[in-house]
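Here's the structure we're looking at; comments come further down.
By convention in this document, chain letters (A, B, ...) are assigned in the order of the sequence lines, proteins followed by strands, and residues within each chain are numbered from 1.
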Protein chains: 2
Amino acid sequence: MLSERNRKVLCAVVQSYINKPDPVGSRFVTKKYAFNLSPATIRNIMADLEEMGFLSQPHTSAGRIPTDKGYRFYVDSLCREKPTVDAKFSNILKSKLESIKSDIYTLLKEATETLAAMSHYLVFAVPLKTDSTTLNRIQLFRYRNKQTVAVLLTNEGLVRSKMLDTNFGLSQKDLNRISDYLNSEFSGCTIDEIRSALIKQMSKEKALCDILISKAIAICKEALFFPSTDLIVSGFSELIGLPDFSGRIKEIAKAIEDKHTILKLLDRLSASTDGVKVVIGSENPMEELKKLSIVMATYKQGDRSLGSVGVIGPTRMDYSKTIPMVELTAKSISAVISR
Amino acid sequence: MLSERNRKVLCAVVQSYINKPDPVGSRFVTKKYAFNLSPATIRNIMADLEEMGFLSQPHTSAGRIPTDKGYRFYVDSLCREKPTVDAKFSNILKSKLESIKSDIYTLLKEATETLAAMSHYLVFAVPLKTDSTTLNRIQLFRYRNKQTVAVLLTNEGLVRSKMLDTNFGLSQKDLNRISDYLNSEFSGCTIDEIRSALIKQMSKEKALCDILISKAIAICKEALFFPSTDLIVSGFSELIGLPDFSGRIKEIAKAIEDKHTILKLLDRLSASTDGVKVVIGSENPMEELKKLSIVMATYKQGDRSLGSVGVIGPTRMDYSKTIPMVELTAKSISAVISR
DNA sequence: TTTTAGCACTCTAACCGTTAGAGTGCTAAA
DNA sequence: TTTAGCACTCTAACGGTTAGAGTGCTAAAA
């Protein structure tokens, strides 16, 4: 579809614009990227590329800047090359994650902070999807009069606690029995499985003679309704400092603060195939994020994918550097939680 | 120190500037604030106020803007008046907090979000200071080979969990015994008390015959070292949208992202007297926050102050609206956790 | 047929002088 | 003590000009 020469010119323009957000002129391309062609020829090529929708002109006599389609082409053609990971980043990440032996939350936080500092973009991580989280243990505690604390422990290293309103008085002994029952029944199941199992049990409930079990189910149902996924975010200020958003900062800040939007998007994305995914500008289904690009990857335990890490930056993101970084981060997280 | 008339002029300038960040001229003051004085007289007064350091001029022939000293005077003179709380805010806050029966974290998050949305500034909350948090219960769980999960439950409704590396194998039975021991020993003590008690016990350790207890102490010591206080933050985007920081946004974003700075500051502040505290611009000891003002108040359980809520905004903050809002928020939180 | 040189054209950003308007300080009168 | 009047100053906005960068087109060269 695109001749080799056209491809090279397009990539040159994209790279130059990523490096510095000024429209790229034909003369500049010949000089900086040493084609054996004159500016005039480059102009012809660029005019062709513009016609095909890969480049655009801010105004009649300015250089060209890449369109989202241009970035897309660039990113796709990147995949053919061997990705080179920044050795410094690789080392730092390794040393940071190696020492962590606590829960997955701390692990992800450390990873996102490192990635944010080195990539200079905003970094997010989704801890765990409930549909793949399996219960290790659940324990209930009596807390004051009519409140119960449920502590959930998953096999992936997630600890969740929730305070429940139990308007029927239960002694700690009762709670222990309930906990034991829940553990024997549901240990090893995914949270989603437990939820649906509970709904089934609820209908059978009347047939049950043990009143404790029916109480157990009521409690458990509430306990499992924690906000399914939190979003860990680092490097907000990196994004804000970029010249790309000088005007629109407030909208972007709002979109990111409202983590809901991003979570919904990630949900859609992570459903698709494996490996690193890149969403560029207008490809983004959410209106608020159409000026941003996302690079994300999922991390796994064994071969079950649990959650995702990724980077949000301007469409003018340095994809060639960022993509391998995100990939490495996801792999490193996978390695730690699988050991 | 200041005549009644001068006081009124100063307050008029401050109010006008808070309302709209344009230098305030003498003519404008006479018109808008209906003194029975000519602009010329106001000019004289304003010149006096400038000499005294309450106002300043951006350039020779512009109006005046308040200095930090000017804001300080304004805030101090506000205290004499009856604070009027926005009825709408009062209602919304009440309805939001009333329905919450879960832990203190959720409570504070809801409160900060409401306050951020209504005040249009950034809102923070410090959940609990360890020196005033008392232990309700601690429970240890075996998790995989050599890891233990410690769940801490305080009397204030805080639930904390931490994964510990226990390189000596312990059965769940052992862990239960340890938990029982810790509960019987330390239930009701503040976290700080427990910490110092542990250090004492450590020295006696050799004399102890029960090896489990020494293990318990080792575990407990680690479990209690959670990051002493988290910071809950809402309304980042509100602050970013203000015209006051058009250039310096990145620095401010960084200062706030690095929650450590703010926590340190709040620690200093909350040590001082009761009631609402206001720190204006350059009064701020931290370099990064010298362009910002802080309004904060502590919330209490009974008469023990537990943590704080507050607002961070530009020095040009609407103090007369914000101060009573913060006060009400703190009081509402106190009411909920004390019931 | 493809590439290149040359030229006319266009658009922007920067510069400059001018001006209108807002605001001040000072002085003399009320 | 207050006010009116006046001269002065500073800024922001406007408009015209210019330099420079970059394009598109055409005709010649490869």
Side-chain angles (χ1 to χ4, degrees), chain A residues 1-10 12-67 70 243-244 246-247, chain B residues 2-10 12-17 19-67 70 243-244 246-247:
Chain A
M1 169 185 183
L2 231 52
S3 78
E4 180 62 17
R5 202 175 61 177
N6 286 13
R7 206 186 64 76
K8 273 190 179 162
V9 171
L10 175 54
V13 173
V14 173
Q15 272 168 32
S16 166
Y17 193 74
I18 283 174
N19 191 253
K20 193 157 167 286
D22 292 331
V24 185
S26 53
R27 238 177 75 84
F28 184 82
V29 172
T30 54
K31 274 203 170 178
K32 195 84 180 187
Y33 291 86
F35 293 93
N36 279 334
L37 294 171
S38 78
T41 311
I42 299 293
R43 278 203 284 282
N44 286 329
I45 298 173
M46 283 164 87
D48 291 346
L49 289 170
E50 183 172 0
E51 209 175 335
M52 288 187 268
F54 292 111
L55 297 177
S56 74
Q57 255 180 323
H59 54 83
T60 323
S61 122
R64 305 300 206 289
I65 61 175
T67 61
D244 306 61
S246 47
Chain B
L2 229 52
S3 77
E4 180 62 15
R5 203 176 59 178
N6 287 11
R7 204 186 64 77
K8 273 190 178 161
V9 171
L10 175 54
V13 173
V14 173
Q15 273 166 31
S16 166
Y17 192 74
N19 191 253
K20 193 157 168 286
D22 292 329
V24 185
S26 54
R27 238 178 74 87
F28 184 82
V29 171
T30 55
K31 274 204 170 175
K32 194 83 181 189
Y33 292 87
F35 292 94
N36 278 336
L37 295 172
S38 78
T41 312
I42 299 294
R43 280 203 283 283
N44 286 329
I45 298 173
M46 282 163 89
D48 291 345
L49 289 170
E50 183 171 2
E51 209 176 338
M52 287 187 269
F54 292 111
L55 297 176
S56 73
Q57 253 180 324
H59 54 83
T60 323
S61 118
R64 306 301 207 289
I65 62 175
T67 60
D244 306 62
S246 47

Item to complete: Assess whether atom CZ of A:Arg7 is packed by more than 12 heavy atoms of other residues, nucleotides or ligands within 6.0 Å.
Response: yes
Worksheet entry | side chain to side chain contact (heavy atoms under 4.5 Å, CB included) against B:Lys8, all qualifying residues, sequence neighbours excluded | B:Glu4, B:Phe35
Worksheet item: Residues two or more places apart in sequence or in another chain: which of them pass side chain to side chain contact (heavy atoms under 4.5 Å, CB included) with B:Asp22?
Response: B:Lys20
Worksheet item: Just how far, in rounded Å, is P of C:dT2 from CG of A:Leu37?
Response: 14 Å
Discussion item. In whole Å, I'd like the distance from the CG atom of B:Asp48 to the P atom of C:dC26.
Written reply: 12 Å
Worksheet, complete the sentence: Residue pairs meeting side-chain hydrogen bond (donor to acceptor under 3.5 Å, both in side chains), one or both in residues 51-64 of chain B, sequence neighbours left out, come to B:Glu50-B:Arg64
Worksheet entry | With sequence neighbours excluded, residues passing side chain to side chain donor-acceptor pair (under 3.5 Å) with B:Asn44 | none
Worksheet, complete the sentence: Between B:Gly53 and B:Thr67 the two heavy atoms that sit nearest each other are O-OG1, 2.7 Å
Practice prompt. Search all heavy atoms of B:Tyr33 against all heavy atoms of B:Ser16 and return the closest pair with its distance.
Written response: OH-N, 3.4 Å
Worksheet, complete the sentence: Rounded to the nearest 0.5 Å, the CZ atom of B:Phe54 sits from the CG atom of B:Leu2 at a distance of 5.0 Å
Worksheet item: What nucleic acid atoms does A:Asn36 come within less than 4.0 Å of, heavy atoms only: base, sugar-phosphate, or nothing?
Response: sugar-phosphate
Fill in: Annotated protein contacts, base or backbone, on nucleotides 8-24 of chain D with a non-hydrogen cut-off under 4.0 Å, one of B, S, - each
-BBS---------BBBB
Item to complete: Map every base of DNA chain C to its dot-bracket character, where paired means a Watson-Crick or G-U wobble contact with both distances under 3.5 Å and | marks a partner outside the strand.
Response: ||||||||||||||||||||||||||||||
